[in-house]
Protein chains: 2
Amino acid sequence: MTARRRLVARRHLHESVVDLIALMNLPQRDDVLLAEAGVTLDRALFTLLVGIERFQPIGVVELADRAGRDHTTVSRQVAKLAELGLVERRPSAADRRVREALITSEGRRVTDALDAARHRLTAPVFERWTDRDLFELDRLLRRYVDDLLTMRAPEDDPDA
Amino acid sequence: MTARRRLVARRHLHESVVDLIALMNLPQRDDVLLAEAGVTLDRALFTLLVGIERFQPIGVVELADRAGRDHTTVSRQVAKLAELGLVERRPSAADRRVREALITSEGRRVTDALDAARHRLTAPVFERWTDRDLFELDRLLRRYVDDLLTMRAPEDDPDA
DNA sequence: CATAACGTGTGCATCATGCACACGATTGAC
DNA sequence: GTCAATCGTGTGCATGATGCACACGTTATG
């Protein structure tokens with residue numbers, strides 16, 4: 001009966017997700033990555049920096065929603081990133097309430113260094129993966145995440 | 001050239017992972033889950049509760065390593081779980097330094113309720129998935145996580 | 001217009017976090 | 001067998017992050 005197998009697969013899948021979350025949330029993992037990239041940056045800040053790089057230009061409130069933190073907390077952290085010269089603030093042309101955050105060229109250098117470091121660190125993992133398995137994991141995980149996002153906000157999700 | 005496609009897939013895969021982490025770390029997601037399960041519990045605590053349920057019996061230091069937090073922090077949080085009657089502490093028979101943490105029947109009821117709630121909430125996502133895609137995602141994500149864990153600690157990983 | 005809703009940021013109080021440290025138990029070196 | 005080093009555990013303490021209440025200017029709504 002495949003319904004039973006599907007239940008087992010879903011439980012098993014969730015276990016893997018929990019393991020993945022735990023693994024990625026380990027502080028020492030970020031430390032290794034930052035060291036490999038030659039970057040000195042607080043962990044909370046570098047998560048935000050990546051978020052800004054991905055969704056720029058972006059306001060504080062939207063960034064806070066994506067990060068799941070209070071907007072006042074994010075406001076202060078973005079201010080720190082601006083002080084460090086990694087992020088630039090500027091008023092939005094469309095909505096003058098908004099002070100958009102954007103990556104500076106210095107900030108871009110940091111995120112590029114992080115990407116390159118991660119690529120080097122994870123290269124050994126994929127050496128033994130076939131093309132097919134890699135492409136399939138890419139496709140299926142993307143679909144999984146998109147489905148979860150869609151379920152969360154079927155109509156008002158800007159990523160949809 | 002497939003080497004190029006592999007690079008693209010790896011970048012793309014990492015994006016999906018980042019999205020997944022962000023999604024799972026949203027505080028409101030835990031709130032929804034806790035509400036659906038009818039459970040009142042702090043988020044930090046319920047993460048630990050799941051960890052204890054999975055690896056019990058487990059000491060504070062090992063649990064702290066898995067959670068990536070300081071052992072003193074975990075010690076206090078486990079004490080709270082014990083106060084709530086969700087976790088039991090007992091001296092280890094093998095090593096009298098260790099005070100093992102175990103799930104109580106009450107704690108088990110909570111984790112079961114959380115599992116059931118998550119199952120209900122995510123059921124719509126999988127309705128449109130074929131058996132093959134579901135099983136493949138299960139298999140490949142498990143392998144991905146295992147490979148990352150092995151890379152991290154090739155010889156001394158207890159999960160290996 | 002007038003009123004509500006929104007984006008942003010500051011003051012403030014609280015709580016989690018991690019370090020220094022201590023204590024009992026275990027291991028290992030000799 | 002003895003003693004020092006290591007380990008698991010937990011407490012005191014100080015720092016820092018976090019979120020709430022609030023305020024100000026801007027935009028949307030009627």
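Proteins get letters first, then strands, A, B, ... in listed order; numbering begins at 1 in each. Worth saying up front: this structure is predicted, and the values here are computed from it rather than measured.
Taking CZ of B/R69 as the start and CG of A/N25 as the end, the distance is 8.0 Å to the nearest 0.5 Å. Here B/L84 contributes atom CG and B/T40 contributes atom OG1; the two are 10.5 Å apart, rounded to the nearest 0.5 Å. How far CG of B/L86 is from CG of B/L48: 11.5 Å, rounded to the nearest 0.5 Å. The CG atom of A/D30 sits 4.5 Å away from the CZ atom of A/F46 when rounded to the nearest 0.5 Å.
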Q: Can you check each nucleotide of nucleotides 11-19 of chain C against protein heavy atoms at under 4.0 Å and return B for base, S for sugar-phosphate only, - for none, in 5' to 3' order?
A: BB---SBBB
Q. Reading nucleotides 1-7 of chain C from the 5' end, what letters show protein touch, with B for base, S for backbone sugar-phosphate only, - for no heavy atom under 4.0 Å?
A. -----BS
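B/E62 has its CD atom 18 Å from the C1' atom of D/dG10, to the nearest Å. Atom pair A/D65:CG and D/dG19:P shows a separation of 12 Å (rounding to whole Å applied). For B/Q28 and D/dG19, the CD to C1' distance is 16 Å, given to the nearest whole Å. B/E100 places its CD atom 16 Å from the P atom of C/dA25, with the value rounded to the nearest Å.
Taking the charged nitrogens against the carboxylate oxygens, A/R99 and A/E88 have no contact shorter than 4.0 Å, which rules out a salt bridge. The residues B/R11 and A/D115 are annotated as not salt-bridged, no charged nitrogen and carboxylate oxygen being separated by less than 4.0 angstrom. Using a cutoff of 4.0 Å between basic side-chain nitrogens and carboxylate oxygens, B/E53 and B/R108 are scored as salt-bridged. The existence of a salt bridge linking B/E62 and B/R66 is confirmed by a sub-4.0 Å separation between a basic side-chain nitrogen and an acidic carboxylate oxygen.
Side-chain heavy atoms closer than 4.5 Å link hydrophobic residues (I, L, V, M, F, W, Y) into clusters, and following such links, possibly through other members, connects B/L41 to B/I103.
Of the N and O atoms on the side chains of A/R142 and B/H12, not one donor lies less than 3.5 Å from an acceptor on the other residue.
For the OP1/OP2 pair of D/dC24 and a distance below 4.0 Å, the side-chain nitrogens and oxygens of A/R96 include no atom meeting the criterion.
A cation-pi arrangement is absent between A/R6 and B/W129, since the terminal nitrogen or guanidinium carbon is not both under 6.0 Å from the aromatic centre and inside a 45° cone about the axis.
Between the axis at the start and the axis at the end of the helix from C/dC1-D/dG30 to C/dC30-D/dG1 there is an angle of 40°, using five pairs per end and rounding to 10 degrees.
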